[in-house]
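What follows is a single structure, written as structure tokens, with notes after it.
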Amino acid sequence: GLLRFHHLVCQDEALEYVIAIGWRVLGKPDSWSRRMLAFKKGEPGAVRGACEILPPAVSRLTLSRKPTIVASAIPSQECQLPEQHPLWLLGASLAMSIGCSWAPRLLSKEPHTSIHSIRDATERRETVAGKYSSRYVAGSPLIMVVDDFATQGTTLSDCARSIRVENPRAKVVGIVLGKHIRPNHA
């Protein structure tokens with residue numbers, strides 16, 4: 001089954017909830033964590049595996065309405081999601097599987113320092129806050145934003161905030177491969 005998080009440390013009202021396939025406790029290697037890290041590094045087998053596991057799992061979710069758009073978070077050093085990035089491949093696979101639009105250019109952002117080594121929630125929020133921007137989409141879509149990991153919800157919350165600024169009637173859900181748990185947060 002999938003894990004559903006309604007309240008992450010940095011989550012605000014723009015982000016409805018976050019769904020994850022699994023947990024990853026930092027500093028405690030296991031086979032699942034190794035697979036998620038291999039995805040992040042772009043190892044072909046891990047990317048293929050994620051593209052085979054996530055879409056069927058998400059397609060079995062009971063949602064309040066059918067998703068209309070899949071978008072993706074963007075790596076910290078980038079302005080847009082690079083083509084052939086593991087998140088591009090995962091987002092495209094998910095959109096095709098659940099029958100909705102893949103919108104890899106819905107979001108853009110200002111590059112920022114990587115937040116992976118920042119433990120303080122306030123500092124993480126400040127590093128990412130306001131970096132994302134979104135394009136307008138017609139109607140009141142349910143937008144799924146894909147990312148590899150969620151720790152405190154900082155990146156997904158800023159993605160959701162930017163989407164809701166341009167699309168106030170949109171609902172935004174985060175979809176991640178893994179939920180990071182730091183030993184001091186567990």
Side-chain angles (χ1 to χ4, degrees), residues 2-3 5 8 10 15 18-59 61 67 69-119 124 127-128 131-135 143-160 162-163 172-182:
L2 297 173
L3 306 167
F5 299 92
L8 298 177
C10 296
L15 182 63
V18 176
I19 296 169
I21 288 182
W23 296 91
R24 176 174 181 263
V25 178
L26 296 175
K28 298 189 180 205
D30 58 64
S31 61
W32 182 241
S33 294
R34 281 190 291 279
R35 286 185 196 114
M36 287 189 272
L37 289 171
F39 172 87
K40 190 169 191 70
K41 292 177 185 174
E43 293 178 13
V47 173
R48 251 188 332 275
C51 291
E52 291 173 6
I53 291 170
L54 186 64
V58 170
S59 70
L61 288 174
I69 296 172
V70 174
S72 177
I74 301 167
S76 55
Q77 306 83 7
E78 304 289 343
C79 295
Q80 291 189 327
L81 184 64
E83 289 187 36
Q84 301 308 308
H85 185 278
L87 286 172
W88 181 295
L89 301 172
L90 184 60
S93 175
L94 176 59
M96 185 172 58
S97 173
I98 63 176
C100 63
S101 298
W102 166 229
R105 300 289 183 240
L106 178 68
L107 295 167
S108 59
K109 73 171 190 57
E110 296 173 32
H112 60 79
T113 304
S114 175
I115 62 173
H116 298 293
S117 62
I118 302 172
R119 291 180 177 258
R124 290 172 76 88
T127 300
V128 176
K131 298 293 186 195
Y132 277 88
S133 57
S134 175
R135 295 178 182 207
I143 299 173
M144 292 184 151
V145 177
V146 177
D147 203 354
D148 46 15
F149 295 110
T151 301
Q152 298 175 342
T154 305
T155 299
L156 290 171
S157 289
D158 201 55
C159 291
S162 72
I163 290 168
V172 183
V173 175
I175 304 290
V176 297
L177 293 176
K179 168 71 178 88
H180 275 310
I181 300 294
R182 295 189 188 280

What's the spacing between Met144 CE and Leu61 CG if we round to 0.5 Å?
-> 6.0 Å
Counting only pairs under 3.5 Å, give me each side-chain donor-acceptor contact of residues 70-93, with atom names and distances, residues two or more places apart or in other chains.
from, atom 1, to, atom 2, distance (Å)
Ser72, OG, Val146, O, 3.4
Gln80, OE1, Arg105, NE, 3.3
His85, ND1, Leu87, N, 2.9
Ser93, OG, Cys51, O, 3.2

Where His112 and Val128 come nearest, the two heavy atoms and their spacing = CE1-CG2, 3.9 Å
Quick one: CG on Leu15 to SG on Cys159, what's the gap to the nearest 0.5 Å?
-> 9.0 Å
Rounded to the nearest 0.5 angstrom, the CZ-OG1 distance for Arg124 and Thr154 is 5.0 Å
Search all heavy atoms of Leu107 against all heavy atoms of Ser162 and return the closest pair with its distance.
-> CD2-OG, 3.3 Å
Those residues that, when tested against Asp147, pass side-chain hydrogen bond (donor to acceptor under 3.5 Å, both in side chains) (two or more places apart) | none
Just how far is it from atom CD1 of Ile175 to atom CD1 of Ile19, taken to the nearest 0.5 Å?
-> 4.0 Å
Would you say the side chain of Leu156 lies within less than 4.5 Å of the side chain of Tyr132, judging by non-hydrogen atoms?
-> no
Taking every heavy atom of Pro55 against every heavy atom of Ile98, the minimum-distance pair comes out as O-CG2, 4.3 Å
Spacing of Ser101 atom OG and Ile69 atom CD1 [to the nearest 0.5 Å] | 6.0 Å
Between CZ on residue Phe39 and CD1 on residue Ile53, distance to nearest 0.5 Å = 11.0 Å
Residue list, side-chain hydrogen bond (donor to acceptor under 3.5 Å, both in side chains) with Ser108, at least two apart or on another chain = Ser133
